[in-house]
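Since the structure comes first, as structure tokens, the remarks are kept for the end.
Values reported hereafter were calculated over all heavy atoms of this structure, with side chains retained and with hydrogens, waters and symmetry mates removed.
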Amino acid sequence: MKTEAPSREVLVAGVGAAADIDPHHIPRHIAIIMDGNRRWAHARSLPALMGHRAGVRSLREVVQTCVDLQVEVLTAYAFSVENWKRSSLEVDFLLSLFEYYSRADREKLHGNNVRFRVIGRRNELPPRVLKALHATEQATADNTGLILNLAVNYGARAEMLDAVRQIARDAAAGKISPEAVNEETVAKYLYTQGLSDPDLLIRTSGELRVSNFLLWQIAYTEFWFTDLYWPDFGSHELLEAVRAYQRRDRRFGAS
């Protein structure tokens with residue numbers, strides 16, 4: 001006999017300190033700029049690389065909480081197109097983290113019914129890293145729960161350039177009419193095609209900017225900022241952000 005999945009009310013009640021969360025007003029799509037790993041490490045007299053490793057623990061906790069809350073999409077900004085400018089040691093370490101943890105967490109993601117996806121200029125990644133990420137995408141492709149978008153080698157301007165170029169190619173090939181291009185058309189050419197726009201954007205580390213992240217998609221997104229560095233962010237802070245979101249009146253320019 002098949003057991004029915006627990007209701008959203010039951011799941012939310014099971015998340016610590018979530019009694020005042022409205023289970024019917026959970027953000028469908030949460031986007032996070034995971035910032036402050038290096039500063040977290042520096043404040044503890046640790047190598048910067050250890051900050052990135054600590055940040056993985058925070059992401060794991062946030063993913064689990066999103067699963068419990070039945071969030072539909074979580075998009076996490078992990079590596080920007082500008083991050084290639086960092087030292088080769090740090091870049092290599094970050095890429096190795098993506099490769100290792102995509103393998104190490106594959107079974108758990110699948111067990112939690114999470115569908116894993118990578119967004120960004122993925123073909124510029126080293127083959128070994130891309131192979132590991134792609135394998136996790138394939139292993140979780142049929143899952144129907146949380147969609148976890150890991151933004152790797154991502155930049156919003158790069159995303160829009162890629163979209164415009166492909167629209168131009170398709171128009172030149174007669175596949176679409178330039179006069180017919182509208183906002184819905186553009187959205188279909190973005191890396192996030194088929195997904196709802198973020199309802200809530202979270203940024204850690206006290207910075208008050210969006211850093212070339214989802215510029216098209218966050219036109220009407222609610223922002224929530226915290227001074228905490230990313231490795232100090234977890235379930236409690238995510239719930240705090242959701243509470244703040246639930247207190248806001250989203251009018252989408254209507255009034």
Answer whether the closest heavy-atom distance between the side chains of [X] and [Y] falls below 4.5 Å.
{"X": "Ile202", "Y": "Leu238", "answer": "yes"}
{"X": "Tyr101", "Y": "Arg60", "answer": "yes"}
{"X": "Ser211", "Y": "Arg203", "answer": "yes"}
{"X": "Arg39", "Y": "Ser205", "answer": "yes"}
{"X": "Asn143", "Y": "His110", "answer": "yes"}

Should [X] and [Y] be counted in the same cluster of Ile, Leu, Val, Met, Phe, Trp and Tyr side chains packed under 4.5 Å apart?
{"X": "Val73", "Y": "Ile30", "answer": "no"}
{"X": "Phe98", "Y": "Val63", "answer": "yes"}
{"X": "Leu195", "Y": "Ile26", "answer": "no"}
{"X": "Phe79", "Y": "Val129", "answer": "yes"}
{"X": "Leu161", "Y": "Trp84", "answer": "no"}

With ILVMFWY side chains joined below 4.5 Å, transitively, what does Leu201's cluster contain besides itself? Ile33, Tyr77, Ile119, Tyr154, Met160, Ile167, Ile176, Val181, Val186, Tyr189, Leu190, Tyr191, Leu208, Val210, Phe213, Leu214, Leu215, Trp216, Ile218, Phe223, Phe225
Could you tell me whether [X] atom [atom1] has more than 12 heavy atoms of other residues or ligands within 6.0 Å of it?
{"X": "Arg248", "atom1": "CZ", "answer": "yes"}
{"X": "Asp142", "atom1": "CG", "answer": "no"}
{"X": "Glu107", "atom1": "CD", "answer": "no"}

Hey, are Asp232 and Arg44 close enough for a salt bridge, meaning a charged N less than 4.0 Å from a carboxylate O? yes
I'd like to know if Arg103 pairs up with Glu99 as an ion pair, taking the criterion as any Lys NZ or Arg NE/NH1/NH2 lying under 4.0 Å from an Asp or Glu carboxylate oxygen. yes
Could you tabulate the donor-acceptor pairs under 3.5 Å formed by side-chain atoms of residues 90-97, not counting sequence neighbours?
{"from": "Glu90", "atom 1": "OE1", "to": "Arg38", "atom 2": "NH1", "distance (Å)": "3.2"}
{"from": "Glu90", "atom 1": "OE2", "to": "His52", "atom 2": "NE2", "distance (Å)": "2.7"}
{"from": "Glu90", "atom 1": "OE2", "to": "Arg86", "atom 2": "NH1", "distance (Å)": "3.0"}
{"from": "Ser96", "atom 1": "OG", "to": "Asp92", "atom 2": "O", "distance (Å)": "2.9"}

Leu74 vs Leu146, side-chain contact (heavy atoms from CB on, under 4.5 Å): CA-CA, chis, key distance, verdict: CA-CA 7 Å; Leu74 172 65; Leu146 173 72; 4.0 Å; yes
Is the backbone N or O of [Y] less than 3.5 Å from a side-chain atom of [X], with the two atoms forming a donor-acceptor pair by type?
{"X": "Asp105", "Y": "Lys108", "answer": "no"}
{"X": "Thr136", "Y": "Arg106", "answer": "no"}
{"X": "Glu237", "Y": "Gly234", "answer": "yes"}
{"X": "Asn212", "Y": "Ala156", "answer": "yes"}
{"X": "Trp230", "Y": "Asn37", "answer": "no"}
{"X": "Gln246", "Y": "Asp22", "answer": "yes"}
{"X": "Thr226", "Y": "Thr204", "answer": "no"}
{"X": "Thr75", "Y": "Ala31", "answer": "no"}

Side-chain H-bond candidate by donor/acceptor type, Asp68 with Thr65, under 3.5 Å: no
I'd like to know if the side chain of His29 pairs up with that of Asp197 as donor and acceptor (distance under 3.5 Å, no hydrogens or angles considered). no
Flag the pair His25 / Tyr245 as yes when their ring centroid distance falls below 6.0 Å, and as no otherwise. yes
Let's go through Leu150 and Arg117 carefully: what are the C-alpha distance in whole Å and the side-chain angles of both, what is the deciding distance for side-chain contact (heavy atoms from CB on, under 4.5 Å) to 0.1 Å, and is it a yes or a no? CA-CA 6 Å; Leu150 194 67; Arg117 293 180 25 165; over 6 Å; no
Let's go through Leu133 and Phe116 carefully: what are the C-alpha distance in whole Å and the side-chain angles of both, what is the deciding distance for side-chain contact (heavy atoms from CB on, under 4.5 Å) to 0.1 Å, and is it a yes or a no? CA-CA 9 Å; Leu133 294 172; Phe116 177 78; 3.9 Å; yes
Which atom names give the shortest non-hydrogen contact between [X] and [Y], and what distance separates them?
{"X": "Ala41", "Y": "Pro47", "answer": "CB-O, 3.3 Å"}
{"X": "Val114", "Y": "Thr140", "answer": "O-CB, 3.2 Å"}
{"X": "Asn112", "Y": "Gln64", "answer": "ND2-OE1, 3.0 Å"}

Residue of the set Arg121, Arg169, Arg157 for which salt bridge (Lys or Arg N to Asp or Glu O under 4.0 Å) holds with Asp162: Arg121
Exactly one of Lys131, Arg122, Arg115 clears salt bridge (Lys or Arg N to Asp or Glu O under 4.0 Å) with Glu137, and that residue is Arg122
Could you walk me through whether Glu61 and Ser235 pass the side chain to side chain donor-acceptor pair (under 3.5 Å) check? CA-CA 6 Å; Glu61 184 174 337; Ser235 177; 4.6 Å; no
Chi angles and distances behind the side-chain contact (heavy atoms from CB on, under 4.5 Å) call for Asp199, Glu222: CA-CA 6 Å; Asp199 298 298; Glu222 296 294 325; over 6 Å; no
Any ring pair (Phe, Tyr, Trp, His ring centres under 6.0 Å) involving residues 157-184? Give me the pairs, sequence neighbours left out, ordered by first then second residue. none
